[in-house]
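The next block holds one structure in the form of structure tokens; read it before the comments.
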Amino acid sequence: MSRYDVQGRHELEDRIRETVRPERGEIPMFVYSDPGVYELEIERIFGRTWQFVGHLSEIPNPGSFVTRTMGEESVIVGRGDDTIVRVFLNACRHRGMRLACEDFGEVNMWRCPYHGFTYGSKGDFLGTLMGAPFERVAYPEGLDRDALHLVEARTEIYKGLIFATWAKDTPPLEDFLGDARWYLDLIVGRAEMEVVGFPERWVLPSNWRLPSENFASDAYHTATAHSFLTRLDLVKGVDFGRDGYHVDPGGGHGLGVGVHFDEESYFPSELADEYRDNLDAGQFETLSRLKNMHGNIFPNFTFLIPNFIEVEGRRVSGAMLRIWQPAGPNKTQVWSWHLVERNAPEWWKKLGRRMYTQTFSSSGMFDQDDTENFEMQTRSSDAALYRREEFVLHYAMGLDAPPLEPGEFPGPGDVYDGKFSESAARTYYRVWRDQLLEDAR
Ligand code: FES
Ligand code: FE
């Protein structure tokens, strides 16, 4: 039952409609932590949108599975065979017990811990009710296998990224990703990628949207929030956060591409042929100049090529994926994956792991800085004063700046010269607001 009565919900919808004005660079602070807003998001955004649930390399064999979360629901991501990947609500059809209680595994069958209903985990039987204990005695009339199939989400895969949605009618995944695909290819499509180990998890005392919009659109904070980089002489001045491009590919997705001006690519030469085979000429050229890339697929799926740093005298970076899983208006469960090219030389794999641990991970230097900001923003917004009165935040950086002309940058979308812009954050909030209000009266 909603915490808000119908009247309260209509008032909230009106407040969102009147005060969320990204077109003017205005976002009210209450949306960062309001419980009613959170409730609408779970229902109208996470109940419908495509959500990242895992990478194919995490479930390599028939019977492999991982358990993940879509919105607030636990789901099983299972592999039937080479071509069959399905996502199910992690709930037994008998009494709703959680079917898979492990984070991952490889099984011949899922057996419910409560009364023992069993479900297929392989081939075409993935998700099918296979049997129940003492079935002929307990159910002499038989069990309707079709009616008792696990509840299945719609599933599609892009370059190894598994996405699922509860909606039957949303556009296909490739349309949803749109122009962001060109940039996603640089991180997950440049070579055959595999997840290293298991995703890390930790909890942030923050609203889930703050880190999502930060990765979509905020290169501006790096010189201040991560000033240790310049103080320790790891990078040179403000340029490390500004040089490159801000990209608003539409759909609420957003990203920044950081470039360097050295002649040689920072990526390992041993992988150049594989990169060239997998990328188009513009993508390959962009990868060759790349020194970092941050982005977010709406609403909460972040991707990152962290700034190259030196480890043991070699310049190294990697590939990182994140989910900012909503766990309440003021709480976020973080999932963090580190990926590497399967065919990479050993030094790149080993030092890349070190880079991941030191920069963006539960022990990462950058995460310490960012978390403090996200937590304090959430706490500021939760103050009684801002719940009552409008406190409008400034999202107007680059409001009047025109994007580059077609041909000035090889990638699609609205591309801005220099990473200091909030264009993608404005689009993020426009899409967010429109989806929240879609069913409003
Ligand atoms: Fe699963 Fe009863 S709840 S068998
Ligand atoms: Fe940061």
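Only a predicted model underlies this, so the values are computations on that prediction, with no experimental measurement involved. Order of listing sets the numbers, starting from 1, for every ligand and every atom in it.
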Problem - CA sep, side-chain torsions, deciding dist, call: Tyr38, Phe46, ring pair (Phe, Tyr, Trp, His ring centres under 6.0 Å) - result: CA-CA 10 Å; Tyr38 177 79; Phe46 290 96; 8.2 Å; no

For the ring pair [X] and [Y], is the centre-to-centre distance below 6.0 Å?
X	Y	answer
Phe301	Phe163	yes
Phe176	His253	yes
Tyr158	Trp50	no

Handout entry: Within less than 2.8 Å of the Fe ion (ligand 2): protein N, O or S atom count
Key = 4

Exercise for the section: Can you spot which of Trp202, Trp208, Phe215, Trp335 makes a ring-ring contact (aromatic ring centres under 6.0 Å, His included) with Trp324? Expected result: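 Answer after filtering Trp202, Trp208, Phe215, Trp335: Phe215.
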
Exercise for the section: Measure from NZ or CZ of Arg315 to the centre of the six-membered ring of Tyr266 and say whether it is under 6.0 Å with the direction within 45° of the ring axis. Expected result: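 The answer is yes, since Arg315 meets both limits relative to Tyr266.
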
Handout entry: Salt bridge flag under 4.0 Å for residues Glu72 and Lys331
Key = no

Problem - First-shell residues of ligand 1 [heavy atom, distance under 4.0 Å] - result: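 Those residues closer than 4.0 Å to ligand 1 by some heavy atom are Cys92, His94, Arg95, Met97, Cys112, Tyr114, His115, Gly116, Phe117.
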
Exercise for the section: Check the side chains of Thr67 and Asn90 for a donor-acceptor pair under 3.5 angstrom, ignoring hydrogens and angles. Expected result: no

Practice task
Please test Tyr428 against Phe298 for ring pair (Phe, Tyr, Trp, His ring centres under 6.0 Å), starting from the C-alpha separation and ending with a verdict.
Solution key: CA-CA 7 Å; Tyr428 182 97; Phe298 186 86; 5.1 Å; yes

